[in-house]
Engineer: 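Quick one: the structure is below, and I'll ask about it shortly.
This chain uses plain numbering: 1 for the first residue, then up along the sequence. Everything numeric here is computed off the predicted structure, so don't read it as measured data.
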Amino acid sequence: MTSKKTLAGSLLSLSTGLLLALSAIGGATASSATSQDLTQLQVASTPVSSTQGYWTPERMRAALPGDVLAAKAVDGTDNTGAPSPAAAETGALTRFAGTAPQTTATTALHTNETPVSHVGKVFFTLGGINYVCSGNSIAAQNKSMVATAGHCVNEGPGAFAKNWVFVPGYINGKAPYGQWAAKSLYAPRNWTSGGDIRYDTGFAVVARVGGKSLAEVVGASGVEFNQSRGMTYKSYGYPAAAPFTGQTLVSCTGKAHNDTINPQFNSQGISCDMTGGSSGGPWFAQSDTNAVNGADGFQNSINSYGYGTRSTTMFGPYWGSTIMKVYNYAQNK
């Protein structure tokens, strides 16, 4: 967080598809932005009321994996029914260093992992129904920020989620580092106003627990934007739809490739068979010479969607200048 590195940047992205996208129903409306603030123009946010006592172990186990809400994100059309045009993003590679991450390296289609302190499950309520995603503690000025999928914070387009909490290091129904309730949620307006899956990324600023920030307790991953395409990634998540149970952490590792089913969206996918519930889990770049394998790398995407219930590819949005502006806006809140 305290250092930045810029290199020649790259562009592009996101996508459309099926499976791991969660939408939402219910919550507060997005806040307005002034025409004077270009960053704010691209950011939608909402405050979140206290969730203390809501998420019991029983409610966590009963929460539905988000693939059941994928239909709108999969559609890939705007409000007029027309296909969304591909949009290019440009900018210099920007990186914010993180603190004390952990690692576990392997190269299978999916691998069972021991808990990672800063990776966890996300629980929230939409339209009176409880849902589950994945997320990651990331470096931020406020030391209290979680990255997840846009569909794990907002309907896209539509309302924001309620009862939003992050449970880092989750395993078998246990919350070793406690529950971290969101104070506010953020997502690109491209997502909250148009449901554009190319911008399927959301951020939550969580309240302190016991007087300490999230990063102080579990650490925080570095983040980077405008990276090169075609890198090797390791993704993490808590898939909850069959054949998984959502009770343990899973990872996938692979070299990113373009979405050939919907190439107009220029998204990237890696070999992975995670199912619903893993949405929002972090992608860590593995090919950067300054990073080591596993969760010690810099995050620059999230689990977003796959095609069909037997998908063998996980797709993630390209973290370009728009998502970076949302991050910069939220990290100071």
Side-chain angles (χ1 to χ4, degrees), residues 5-15 17 19-20 89 91-98 101-114 116 118-119 134-136 138-139 147-149 198 200-201 219-239 249-263 265-275 278-307 311-320 323-324:
K5 180 180 179 182
T6 59
L7 298 174
S10 189
L11 40 125
L12 289 165
S13 248
L14 266 67
S15 35
L19 191 58
L20 302 176
E89 292 245 8
L93 166 61
T94 305
R95 168 179 294 166
F96 301 85
Q102 302 175 6
T103 182
T104 308
T106 189
T107 55
L109 192 60
H110 83 263
T111 299
N112 296 323
E113 297 282 352
T114 57
V116 175
H118 51 81
V119 178
S134 301
N136 184 44
I138 59 172
T148 187
R198 291 169 295 172
D200 184 21
T201 297
S221 297
V223 293
E224 58 189 2
F225 304 87
N226 297 303
Q227 253 292 8
S228 300
R229 295 174 65 82
M231 298 175 65
T232 297
Y233 289 94
K234 186 167 186 176
S235 69
Y236 288 81
Y238 285 86
L249 186 65
V250 167
S251 73
C252 292
T253 303
K255 183 177 175 60
H257 56 85
N258 293 335
D259 181 354
T260 57
I261 298 175
N262 284 290
F265 293 104
N266 297 300
S267 65
Q268 297 186 103
I270 62 172
S271 295
C272 190
D273 56 1
M274 289 193 215
T275 60
S278 60
S279 288
W283 284 29
F284 296 106
Q286 304 294 287
S287 58
D288 191 306
T289 57
N290 294 314
V292 295
N293 287 344
D296 285 333
F298 281 74
Q299 181 178 351
N300 75 343
S301 190
I302 53 90
N303 295 327
S304 180
Y305 69 93
Y307 292 105
S311 175
T312 57
T313 303
M314 176 72 70
F315 292 93
Y318 180 80
W319 277 17
I323 292 175
M324 183 176 71

Engineer: Check the pair V250, T111 against side chain to side chain contact (heavy atoms under 4.5 Å, CB included), reporting the backbone distance first and the verdict last.
Structural biologist: CA-CA 6 Å; V250 167; T111 299; over 6 Å; no
Engineer: With rounding to the nearest 0.5 Å, note down the distance linking OG in S271 to CE in M314.
Structural biologist: 11.5 Å
Engineer: Begin with the C-alpha distance, continue with both residues' side-chain angles, and end with the deciding distance and a verdict on side chain to side chain contact (heavy atoms under 4.5 Å, CB included) for M274 and S235.
Structural biologist: CA-CA 10 Å; M274 289 193 215; S235 69; 3.6 Å; yes
Engineer: Between CZ of F284 and OH of Y233, what distance do you get to the nearest 0.5 Å?
Structural biologist: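 These two atoms lie 12.0 Å from each other.
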Engineer: Got H257 and T313 here, is their nearest side-chain heavy-atom distance under 4.5 Å?
Structural biologist: yes
Engineer: When rounded to the nearest 0.5 angstrom, what is the spacing between CZ in R229 and CD in Q268?
Structural biologist: 4.0 Å
Engineer: How far does NE2 of H110 sit from OG1 of T253, to the nearest 0.5 angstrom?
Structural biologist: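 The OG1 atom of T253 is 12.0 Å from NE2 of H110, to the nearest 0.5 Å.
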Engineer: May I ask you to decide if G230's main-chain N or O and K255's side chain share a donor-acceptor pair within less than 3.5 Å?
Structural biologist: yes
Engineer: Between S304 and D200, does the side chain to side chain donor-acceptor pair (under 3.5 Å) criterion hold? Intermediate values first, please.
Structural biologist: CA-CA 7 Å; S304 180; D200 184 21; 2.7 Å; yes
Engineer: Supply the atom-to-atom distance S134 OG to I302 CD1, rounded to the nearest 0.5 angstrom.
Structural biologist: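 CD1 of I302 is found 10.0 Å from OG of S134.
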Engineer: Taking the side chain as every heavy atom from C-beta outward, state whether S311 and Y305 have any pair of such atoms under 4.5 Å apart.
Structural biologist: no
Engineer: Counting N and O atoms only, with roles assigned by atom type, does the side chain of N258 sit under 3.5 Å from a partner on the main chain of T260, one being a donor and the other an acceptor?
Structural biologist: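 Pair absent, no side-chain N/O of N258 close to backbone of T260.
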Engineer: F225 vs I323, test: side chain to side chain contact (heavy atoms under 4.5 Å, CB included). Steps then yes/no.
Structural biologist: CA-CA 8 Å; F225 304 87; I323 292 175; 4.0 Å; yes
Engineer: Tell me, please, which residues at least two apart from S301 pass side-chain contact (heavy atoms from CB on, under 4.5 Å).
Structural biologist: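 side-chain contact (heavy atoms from CB on, under 4.5 Å) list for S301, sorted by chain: W283, P317.
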Engineer: So, using side chain to side chain donor-acceptor pair (under 3.5 Å) as the criterion, who are the partners of N136 when residues are at least two apart?
Structural biologist: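 N136 satisfies side chain to side chain donor-acceptor pair (under 3.5 Å) with H118, S221, Q299 only.
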Engineer: Can you name the one residue among N300, T201, N226 that meets side chain to side chain donor-acceptor pair (under 3.5 Å) with W319?
Structural biologist: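 When side chain to side chain donor-acceptor pair (under 3.5 Å) is applied between W319 and each of N300, T201, N226, only T201 qualifies.
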Engineer: Check step by step if side chain to side chain donor-acceptor pair (under 3.5 Å) holds for Y236 and S278.
Structural biologist: CA-CA 8 Å; Y236 288 81; S278 60; over 6 Å; no
Engineer: Could you walk me through whether V119 and E113 satisfy the side chain to side chain contact (heavy atoms under 4.5 Å, CB included) test, starting with their C-alpha distance in whole Å, then the side-chain angles of each, then the deciding distance to 0.1 Å, before giving a yes or no?
Structural biologist: CA-CA 11 Å; V119 178; E113 297 282 352; over 6 Å; no
Engineer: Check step by step if side chain to side chain donor-acceptor pair (under 3.5 Å) holds for N303 and Y238.
Structural biologist: CA-CA 11 Å; N303 295 327; Y238 285 86; over 6 Å; no
